Q: 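Below you will find the structure I want to go over with you.
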Protein chains: 4
Amino acid sequence: MTSTPLQSALTSIPIDLVCALDYERLAPQFMAPPTLAYIAGGSGSGSSSAANRAAFARWSVLPRILRDVSHGHTRLKLAGVPVSHPILLAPVAFQALAHPGADIDSARAAAAVDATIISSTLSSFTVEQIARAAGGPHWFQLYFQPRREATMRLLRRAEAAGCSAIVATFDAVIQAPGHAALRAGFRLPPSCVAANLASEPAASALSALADGDSRIFQGAMRGAPTWDDLAWLLTQTRLPVWVKGVLHPDDARQLAAMGVAGIVVSNHGGRGLDGAPASLDALPQVRAAVGSLPLLFDGGIRSGSDIFKALALGADAVLVGRLQLYALAVAGALGVAHMLQCLREELELCMALAGCATLDQIDRATLWRQPA
Amino acid sequence: MTSTPLQSALTSIPIDLVCALDYERLAPQFMAPPTLAYIAGGSGSGSSSAANRAAFARWSVLPRILRDVSHGHTRLKLAGVPVSHPILLAPVAFQALAHPGADIDSARAAAAVDATIISSTLSSFTVEQIARAAGGPHWFQLYFQPRREATMRLLRRAEAAGCSAIVATFDAVIQAPGHAALRAGFRLPPSCVAANLASEPAASALSALADGDSRIFQGAMRGAPTWDDLAWLLTQTRLPVWVKGVLHPDDARQLAAMGVAGIVVSNHGGRGLDGAPASLDALPQVRAAVGSLPLLFDGGIRSGSDIFKALALGADAVLVGRLQLYALAVAGALGVAHMLQCLREELELCMALAGCATLDQIDRATLWRQPA
Amino acid sequence: MTSTPLQSALTSIPIDLVCALDYERLAPQFMAPPTLAYIAGGSGSGSSSAANRAAFARWSVLPRILRDVSHGHTRLKLAGVPVSHPILLAPVAFQALAHPGADIDSARAAAAVDATIISSTLSSFTVEQIARAAGGPHWFQLYFQPRREATMRLLRRAEAAGCSAIVATFDAVIQAPGHAALRAGFRLPPSCVAANLASEPAASALSALADGDSRIFQGAMRGAPTWDDLAWLLTQTRLPVWVKGVLHPDDARQLAAMGVAGIVVSNHGGRGLDGAPASLDALPQVRAAVGSLPLLFDGGIRSGSDIFKALALGADAVLVGRLQLYALAVAGALGVAHMLQCLREELELCMALAGCATLDQIDRATLWRQPA
Amino acid sequence: MTSTPLQSALTSIPIDLVCALDYERLAPQFMAPPTLAYIAGGSGSGSSSAANRAAFARWSVLPRILRDVSHGHTRLKLAGVPVSHPILLAPVAFQALAHPGADIDSARAAAAVDATIISSTLSSFTVEQIARAAGGPHWFQLYFQPRREATMRLLRRAEAAGCSAIVATFDAVIQAPGHAALRAGFRLPPSCVAANLASEPAASALSALADGDSRIFQGAMRGAPTWDDLAWLLTQTRLPVWVKGVLHPDDARQLAAMGVAGIVVSNHGGRGLDGAPASLDALPQVRAAVGSLPLLFDGGIRSGSDIFKALALGADAVLVGRLQLYALAVAGALGVAHMLQCLREELELCMALAGCATLDQIDRATLWRQPA
């Protein structure tokens with residue numbers, strides 16, 4: 001597209017970088033177009049990642065006046081654990097695509113601003129390395145492996161590394177590539193590996209499909225985890241287990257009944273089913289289905305008022321995925337920390353002007369549905 | 001528009017051709033602009049073909065997690081006949097416009113991927129030639145001719161050629177030309193003939209209109225088939241007779257009462273009444289009107305998730321028209337086969353992520369209406 | 001804007017002029033930009049003329065199949081008078097702006113295709129001249145003059161010229177200029193006069209406004225006609241009196257009670273109150289208010305399916321304003337006649353495909369509301 | 001953006017300046033891009049100022065015919081005081097950004113056309129200077145100062161200067177900068193000072209934030225006024241006290257109960273909470289909450305029909321902010337006076353065509369909700 005040479009990651013925050021969203025605006029100066037297309041895009045046509053953003057614009061926040069919020073704060077207990085604000089770093093695979101510091105830098109940034117990082121099974125550094133960088137609380141996102149022993153090894157390593165929660169992801173068993181990334185010629189560079197899996201034996205080749213078998217059903221989905229696998233997982237660890245990738249209230253209800261620690265409402269940033277609804281649109285009915293079960297929200301957060309809206313519609317806290325990559329590309333650990341700080345101040349500003357001194361005051365009545 | 005020289009049809013599938021929709025994207029490199037304008041456009045202003053596409057965007061598909069779909073498949077019985085997937089090639093006139101292989105290539109492609117082809121009365125090759133190429137099941141689309149004898153001759157030829165069903169089309173008695181095609185200077189080349197009708201005597205010139213007669217009512221519509229003609233047709237063949245071009249539930253109800261084998265919900269790809277609603281919008285009320293009568297859907301299918309949505313809203317299977325022409329232009333029989341295979345895998349992927357192992361699990365509850 | 005030299009009006013219809021709407025597309029080649037801006041625009045920002053067009057897109061027409069329409073026609077009785085189709089030429093002031101033939105050419109065109117022309121008080125030729133050109137039925141649109149004697153003189157001239165109806169217009173007492181025309185520098189050329197008023201003595205200068213008086217209320221609106229004036233008019237002529245410019249059902253109800261012959265639902269082509277709703281949007285409630293009182297529709301007709309929709313929503317017939325000017329500019333009388341013929345055939349085509357053999361079959365059930 | 005040299009303010013009104021909105025159109029020729037970005041923009045992304053404008057387009061005005069409005073006028077009593085029309089100049093900070101004449105010119109313009117000016121705490125001239133220029137009624141907008149003594153000094157000065165009402169603003173305790181202005185490099189020039197505060201001692205530096213304190217909650221919001229402060233204010237003056245910046249009906253209800261003179265429904269022109277709903281959308285429910293309490297409307301007025309709509313939805317009168325700055329930039333006092341006169345005539349025209357002779361006839365029934 002453009003032949004402008006890419007910039008190196010910044011080492012200080014420029015004065016015109018004034019909001020979290022600016023990292024998205026600046027990212028194209030710091031990432032090769034194919035990489036950007038891969039990170040920015042969703043699966044297939046990208047309809048679901050676009051839907052994620054559009055959903056926020058359907059809500060306004062009603063300002064209130066004259067309320068005393070001078071005692072205000074953003075503290076909450078997340079599944080019983082006190083945290084200073086409701087912003088977590090989402091698990092993101094292959095962060096080295098954005099910056100060589102990758103998850104290590106993200107973890108350092110999280111530590112600097114009291115954020116929890118959820119490192120990915122497909123992280124560019126190992127869970128042990130990330131744990132050392134994190135300092136503060138860090139969680140581990142678990143993809144089921146073709147064999148239970150491998151899944152178990154990942155689980156035990158996360159426990160040993162001091163992760164305080166497991167986030168099992170089930171909504172992207174197949175991640176169809178995004179059309180834009182494919183057309184931009186994106187390929188995962190050979191140097192970009194899943195560090196956690198480097199020590200795993202290569203998966204045995206899939207047995208050949210029988211005649212008439214589907215590459216989807218009998219191929220990719222053969223080893224996909226099921227409710228039984230989740231039940232098994234819950235018996236294998238004493239860590240709280242969250243489940244990520246839920247949009248349907250029936251799935252949420254069943255998870256609550258099984259005793260998960262919480263749910264992450266997410267359409268995988270639009271990287272799962274192309275055509276899935278916006279995470280934000282699905283959030284209220286999931287909240288209605290699960291009562292007071294802790295809910296995280298993931299999908300399209302770009303500003304503090306987006307966070308406010310997600311909390312008002314039922315989330316306890318939110319995950320930040322793409323902004324994390326953009327900030328990493330623009331300014332490494334410094335960028336991620338600054339981006340998180342921007343989000344938090346934007347949230348506080350929105351709360352202050354909406355007359356909410358604490359997060360529990362952010363309820364559905366603080367929002368206004370935009371006319372169509 | 002562009003003076004870029006056209007490409008010859010490809011003989012292998014390039015790596016960046018990753019989804020069925022890509023054939024629409026690439027078609028302009030393989031077709032002269034007037035031909036493309038004719039094929040891509042609808043009648044008049046093209047409002048109804050645009051509506052067909054827009055209708056799909058109003059629906060999302062709700063992902064489900066942890067369901068075992070490893071036994072999944074796309075098989076169904078279509079009016080009692082087992083087929084391996086719910087994708088048929090729509091009848092399309094004058095396929096030689098897109099590629100010299102025309103219906104022969106389409107038929108070969110259909111055979112290669114277990115798809116049924118519905119050859120058109122206005123096909124570029126004869127129904128006998130197409131039947132030989134098809135190998136597998138092939139149906140015949142019937143336009144009533146000005147005289148019943150001619151209609152009967154077509155019917156008997158289709159029966160003799162082994163067609164397993166008749167699809168009588170009634171929604172485009174008059175096909176107003178599309179404005180875009182007219183302005184692009186499109187003319188049907190003299191070489192582009194309806195092979196099935198070549199052996200028919202030229203229709204006697206229409207008797208002159210009386211003074212005050214309408215070219216529409218007393219001209220074009222004088223010979224148009226009516227309910228009586230359909231009743232007659234049903235007595236003339238033991239083949240199942242489908243009726244194509246239905247949007248109104250009252251028409252559908254009457255057809256069901258007459259004993260048709262099934263109905264094709266279609267606005268003729270927007271080539272009939274300019275201003276007709278999207279086929280997809282009309283589908284649910286047609287389904288509601290006819291109970292379990294087999295329904296095919298035609299109108300705007302460009303991806304597997306489009307197929308999923310049509311099935312969820314009441315169709316048993318779908319027809320693919322424009323994509324067939326685009327794929328034919330891009331890569332002949334190979335293109336059509338690959339396009340069909342893409343659609344099928346996209347459908348399987350959508351099913352897998354929506355937790356549907358079989359087509360009968362795709363119901364209205366799998367969809368989510370997008371907020372306006 | 002463009003410095004392309006303008007074309008002279010055509011003397012034959014080119015082959016690529018395929019629909020009534022084409023006259024709008026071609027008009028810019030035949031009219032100076034300021035004139036076009038004046039004719040195409042509405043008052044003020046032009047919001048209401050834009051609304052007129054947008055309203056049609058919210059409705060689709062449901063196709064029907066297999067109905068015998070070979071006896072179809074477009075005949076109707078308009079306030080008791082048989083006419084061959086429901087398309088009238090709207091009264092339009094200063095037609096010489098578009099073509100020197102002006103209302104004379106429009107009248108000849110109307111005669112050629114059995115259309116009724118409604119000549120304007122502000123016509124470029126006199127009502128007597130237009131009457132001679134019209135041949136067939138012609139109506140007279142009446143603007144109240146500052147003094148009743150002048151109004152009476154116009155009325156008597158129309159009666160003497162053989163006009164068969166009077167259309168009193170009340171919705172544009174003040175016609176605020178359109179911003180676009182003003183900025184394009186449009187001025188009414190001195191040669192462009194209201195022929196009917198040439199023999200009238202110049203209106204005495206308005207008495208000066210008192211201090212604090214409003215140029216609107218005590219100025220322009222001082223002489224505006226009121227309900228009493230209409231009552232007076234109804235006593236002064238035995239011709240049927242229609243009232244043009246009605247959107248509010250209460251006004252329509254009152255008019256019906258007063259015994260007008262019919263109502264023209266119109267927002268004056270968006271040239272009256274800038275911000276008025278689309279004529280089409282107001283039509284159903286006016287119809288509901290007046291029972292079977294004859295209703296004409298005026299506002300945005302560009303195609304036969306537009307006419308179909310207006311009839312389905314309650315109109316008995318429609319007026320064509322801007323298209324008349326465009327056709328006049330493109331090809332004079334020939335253009336207007338061809339445009340009217342296109343509209344009629346487009347209407348017939350729409351009727352045929354919607355299964356309506358006659359106008360009275362076009363009811364609300366033939367339409368489909370487009371989803372938002 | 002553009003390097004076109006800026007024009008000096010005009011000294012006469014050019015002929016193509018035909019409506020109030022034209023001042024917005026012309027302003028870019030008279031203001032440096034960064035200044036324009038600051039004035040035109042809202043806080044943050046500018047979503048709420050855009051929402052203000054979009055809200056008006058959702059309403060149409062229903063024309064009425066044949067009503068006698070020759071006795072029409074725009075007079076009203078505003079909180080008991082007779083005024084000749086319902087258009088006030090909104091308080092706007094730092095008017096010298098637009099024109100050196102600033103609030104003095106605005107005040108002179110207001111006097112010339114019988115408008116009330118509400119001068120800002122942050123005006124470029126002192127309240128005493130503005131009072132002298134105003135001649136007619138002038139109000140004072142009050143921002144609470146960090147210390148009550150300073151607030152009291154401002155109040156006493158306003159009283160002494162003859163201000164007839166106090167407008168206390170509470171909706172922009174924190175005004176987040178607009179992204180567009182920041183990126184355009186806008187900085188308040190050193191010469192641009194708040195004249196009223198020049199004699200105030202510099203505010204003592206804020207005490208340092210404690211560890212873990214929020215710059216928002218414990219910083220900016222520490223000194224923010226609360227309900228107690230408003231209650232105190234109401235005891236300190238005999239002038240009527242209005243409260244500006246209300247969107248929530250509960251806030252409005254509480255204010256009414258406290259005995260304020262009236263409320264200004266406003267989202268601060270989109271300069272407060274980025275993401276607040278349009279002022280116009282919030283207006284009806286505020287009106288419903290407060291019965292007959294006087295309501296001013298502020299937010300997006302650009303034309304007389306906008307004023308009509310705001311009155312129809314519950315306002316008694318309206319404030320004009322950005323247009324005031326644009327008119328000031330284009331033609332100083334003359335521009336502001338002409339802009340106000342345009343608005344008033346546009347309102348009168350809209351009233352006349354809607355059949356409303358007086359403001360009290362403008363009710364909800366005069367409007368029509370545009371279909372989505």
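It should be emphasised that the depicted structure is a prediction, and the values quoted were computed from it without experimental measurement. Just the heavy atoms: all of them, side chains too, but no hydrogens, waters or symmetry mates, feed the values below. In what follows, chains are A, B, ... by sequence order, proteins preceding strands, each numbered from 1.
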Q: So what's closer than 4.5 Å to chain A heavy atoms on A57(B): side chain, backbone, both or neither?
A: neither
Q: So which part of L230(A) gets closer than 4.5 Å to some heavy atom of chain B, the side chain, the backbone, both or neither?
A: side chain
Q: Find the distance between CG (L313(A)) and CG (L283(A)) and round it off to the nearest 0.5 Å.
A: 5.5 Å
Q: Hey, what do you get for CG (L349(B)) to CZ (F217(A)), rounding to the nearest 0.5 Å?
A: 9.0 Å
Q: Go through P371(B), C350(B), A352(B) and name the one with the most non-hydrogen pairs under 4.5 angstrom from chain A.
A: P371(B)
Q: With sequence neighbours excluded, tell me which residues meet side chain to side chain contact (heavy atoms under 4.5 Å, CB included) with A107(B).
A: I117(B), I130(B), A133(B), A134(B)
Q: So L155(A) and I166(A), do their side chains get closer than 4.5 Å, heavy atoms only?
A: yes
Q: Hey, does L319(B) have a side-chain heavy atom less than 4.5 Å from the side chain of I118(B)?
A: yes
Q: Are V320(B) and L343(B) packed together at the side-chain level, in the sense that at least one heavy-atom pair is separated by less than 4.5 angstrom?
A: yes
Q: What distance do L89(B) atom CG and L340(B) atom CG have between them, rounded to the nearest 0.5 Å?
A: 5.0 Å
Q: Please flag which part of L367(B) lies under 4.5 Å from any non-hydrogen atom of chain A: side chain, backbone, both or neither.
A: neither
Q: Only pairs under 3.5 Å, no angle test: what donor-acceptor pairs are there between chain A and chain B?
A:
from, atom 1, to, atom 2, distance (Å)
R183(A), NE, D22(B), OD1, 3.2
R183(A), NH2, D22(B), OD1, 2.3
S214(A), OG, E348(B), OE1, 2.7
R215(A), NE, E345(B), OE2, 2.7
R215(A), NH2, E345(B), OE1, 2.8
R215(A), NH2, E345(B), OE2, 3.2
Q218(A), NE2, S70(B), O, 3.0
Q218(A), NE2, G72(B), O, 2.8
W227(A), N, L66(B), O, 3.1
H248(A), NE2, R64(B), NH1, 3.4
D251(A), OD1, R64(B), NE, 3.1
D251(A), OD1, R64(B), NH2, 3.0
D251(A), OD2, R64(B), NE, 3.1
D251(A), OD2, I65(B), N, 3.1
G275(A), O, V61(B), N, 2.9

Q: Tell me, for V18(B) versus chain A, whether the close heavy atoms (under 4.5 Å) come from the side chain, the backbone, both or neither.
A: side chain
Q: Would you compute the distance between atom CG of L26(B) and atom CG of L17(B) and round it to the nearest 0.5 angstrom?
A: 5.0 Å
Q: Would you say L10(B) and F30(B) make side-chain contact, with heavy atoms under 4.5 Å?
A: yes
Q: Quick check on A224(A) against chain B: is it the side chain, the backbone, both or neither that has a heavy atom closer than 4.5 Å?
A: neither
